[in-house]
*Asks:* 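Structure provided below as structure tokens; questions to follow.
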Amino acid sequence: MLHKISVIGAGNVGATLVQRLAEAELSKYVTVVDILEGIPQGKALDIAESAPVYGYDTRVIGSNTYDVIQDSDIVVVTAGIARKPGMSRDDLLATNTKIVTDVCNNIKKFAPNAMVILVSNPLDAMCHVALQVTGFPSERVFGMAGVLDSARYKSFIAEALDVSVEDIQGFVLGGHGDTMVPLPRYTTIAGIPLADLLDEASINKIVDRARNGGAEIVGYLKTGSAFYAPSASVLEMIESIVKDKKKILPCAVYLKGEYGIEGLYVGVPVKLGKKGIEQVIEIKLTDAEKAQLRHSADAVQELVTSLKTLVPA
Ligand code: APR
């Protein structure tokens, strides 16, 4: 069990994650920080008061100041604004860059040895901000996107085939956006290739729905974006780290030449263990898949280039 996991942002994703972390008992303390007066304190107290019912001994603390994150082992950044209908994740860039810069300055000050997991969007660009502002090694700064995108993809396959979600293995590559690259070729159902069980048109429909999975939820909610599946996805990553399970999960990581990409955060499969990103797994891609990944990386690069005007070097 870790000493402390902290969550910045007590909104939909942050508060749901705090609840999941408390119930999972992965650390002695879970702390949550938000700028809204009373919100992190109230939500933390509410979650703490459900402990006797669930039987967990995680201590949950909410605050408007960063001293509570002191010496955290892991800090998850969910602070920022979420999408409304008609907005792309990229529309959040300027506002969330300012917020994530402020948050990361505090992480650097209070939790200099922490692993930092980004959730705020646009995800890949926010990872760049965090890496630059904290100055932490890139093995300790990464983003949650691929686990969520893959979960959406797998849930649609399970529904189409009417099979257990547990039998589905599959993942997506690329940035967290419309350019993400689902990989039907690497998708199996209890070891059976997806293409043996589902026709091409149905697979294409699922791939498309996964790409637009976030927007589909924003369309329903109207006042915000998804948070149940995002918080569940962060929990899976944290569990792999805390228990040193070394699960292979798609995460937004800083590539140093892998997949022919240099100095850019892109979603690829990695081994996640107690040291953070322990290995980038390079899989063989067809020329078409390589081109899609390159296209996705170019979209991330475009955002990162526009960041230069927002974050002083
Ligand atoms: N410091 C701390 N918290 C902040 C700051 C800041 N500087 N600025 C904003 N926040 C808080 C808000 O007060 C709010 O409580 O971040 C929280 C965000 O919560 P929601 O608006 O409910 O958004 P949520 O759905 O949780 O999404 C958060 O994750 O998935 C991404 O695109 C999503 O960027 C968004 C982020």
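Values below: every heavy atom of this structure, side chains too, minus hydrogens, waters and symmetry copies. Atoms within each ligand, like the ligands themselves, are counted from 1 in listed order.
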*Asks:* What residues form a side chain to side chain donor-acceptor pair (under 3.5 Å) with R185, not counting sequence neighbours?
*Replies:* E289
*Asks:* Atom 16 (O) of ligand 1: which protein heavy atom is closest, and how many Å away?
*Replies:*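 Among all protein heavy atoms, the one nearest atom 16 (O) of ligand 1 is G80 N, 3.3 Å.
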*Asks:* For residues V133 and C104, report the shortest heavy-atom separation together with the two atoms involved.
*Replies:*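 In this case the closest contact between V133 and C104 is CG1-CB, 3.7 Å.
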*Asks:* Could you identify the single nearest non-hydrogen protein atom to atom 19 (O) of ligand 1 and state the distance to 0.1 Å?
*Replies:*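 I find the closest protein heavy atom is G11 CA, 3.2 Å.
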*Asks:* What's in the same ILVMFWY side-chain cluster as I81, cut-off under 4.5 Å, chained through other members?
*Replies:* M87, L92
*Asks:* Report the part of N12 (side chain from C-beta onward, or backbone N, CA, C, O) that has a heavy atom under 4.0 Å from ligand 1; answer both or neither where that applies.
*Replies:*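 Looking at N12 and ligand 1, atoms from backbone and side chain both fall under 4.0 Å.
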*Asks:* Is it the case that ligand 1 has an N or O less than 3.5 angstrom from some N or O of I81?
*Replies:*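 Between I81 and ligand 1 (N or O atoms, distance only) the closest approach is under 3.5 Å.
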*Asks:* So, applying salt bridge (charged side-chain N to carboxylate O under 4.0 Å, His left out) with E278, which one of K246, K247, K271 is it?
*Replies:* K246
*Asks:* Might you confirm whether atom CD of E302 has over 12 heavy atoms from other residues, nucleotides or ligands at distances under 6.0 Å?
*Replies:* no
*Asks:* Would you say V103 has any N or O atom under 3.5 Å from an N or O of ligand 1, going by distance alone?
*Replies:*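 No; the residue has no nitrogen or oxygen that sits under 3.5 Å from a nitrogen or oxygen of the ligand.
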*Asks:* Please list, in number order, the atoms of ligand 1 under 4.0 Å from a heavy atom of D102.
*Replies:* 7 (N)
*Asks:* Over all heavy atoms of both residues, which pair between A130 and L118 is shortest? Give the atoms and the distance, please.
*Replies:*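 Shortest heavy-atom contact: CB-CD2, 3.6 Å.
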*Asks:* Hey, does the Lys NZ or Arg CZ of R59 hover above the aromatic six-ring of Y29, less than 6.0 Å from the centre and inside 45° of the axis?
*Replies:*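 No, cation not above the ring by the 6.0 Å, 45° rule.
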*Asks:* If you measure from each heavy atom of P230 to ligand 1, is any distance below 4.0 Å?
*Replies:*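 Distance cut 4.0 Å: P230 fails for ligand 1.
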*Asks:* Could you pull out, from L17, T78, N106, I99, the option with a heavy atom nearest to atom 36 (C) of ligand 1?
*Replies:* T78
*Asks:* Under a 3.5 Å cutoff, is there a donor and acceptor pairing between the side chains of H176 and D124?
*Replies:*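 No, because no side-chain N or O of H176 sits under 3.5 Å from a partner of the opposite role on D124.
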*Asks:* Report, in ascending order of atom number, the atoms of ligand 1 lying under 4.0 Å from any heavy atom of A82.
*Replies:* 23 (O), 25 (O), 27 (O), 35 (C)
*Asks:* Got the closest protein heavy atom to atom 33 (C) of ligand 1, with its distance?
*Replies:*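 Of every protein heavy atom, N121 ND2, 3.8 Å lies nearest to atom 33 (C) of ligand 1.
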*Asks:* For ligand 1, which atoms, with element, lie under 4.0 Å from some heavy atom of N96?
*Replies:* 34 (O)
*Asks:* Is there a polar contact, in the sense of an N or O pair closer than 3.5 Å, between D34 and ligand 1?
*Replies:*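 Yes, since at least one N or O of D34 sits under 3.5 Å from an N or O of ligand 1.
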*Asks:* Are there over 12 heavy-atom neighbours, none belonging to K205, within less than 6.0 Å of that residue's NZ?
*Replies:*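 Not buried by this count: 12 neighbours or fewer within 6.0 Å.
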*Asks:* Can you list the ligand 1 atoms lying under 4.0 Å from a non-hydrogen atom of V13?
*Replies:*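 Checking each atom against V13, I get 24 (P), 25 (O), 26 (O), 27 (O).
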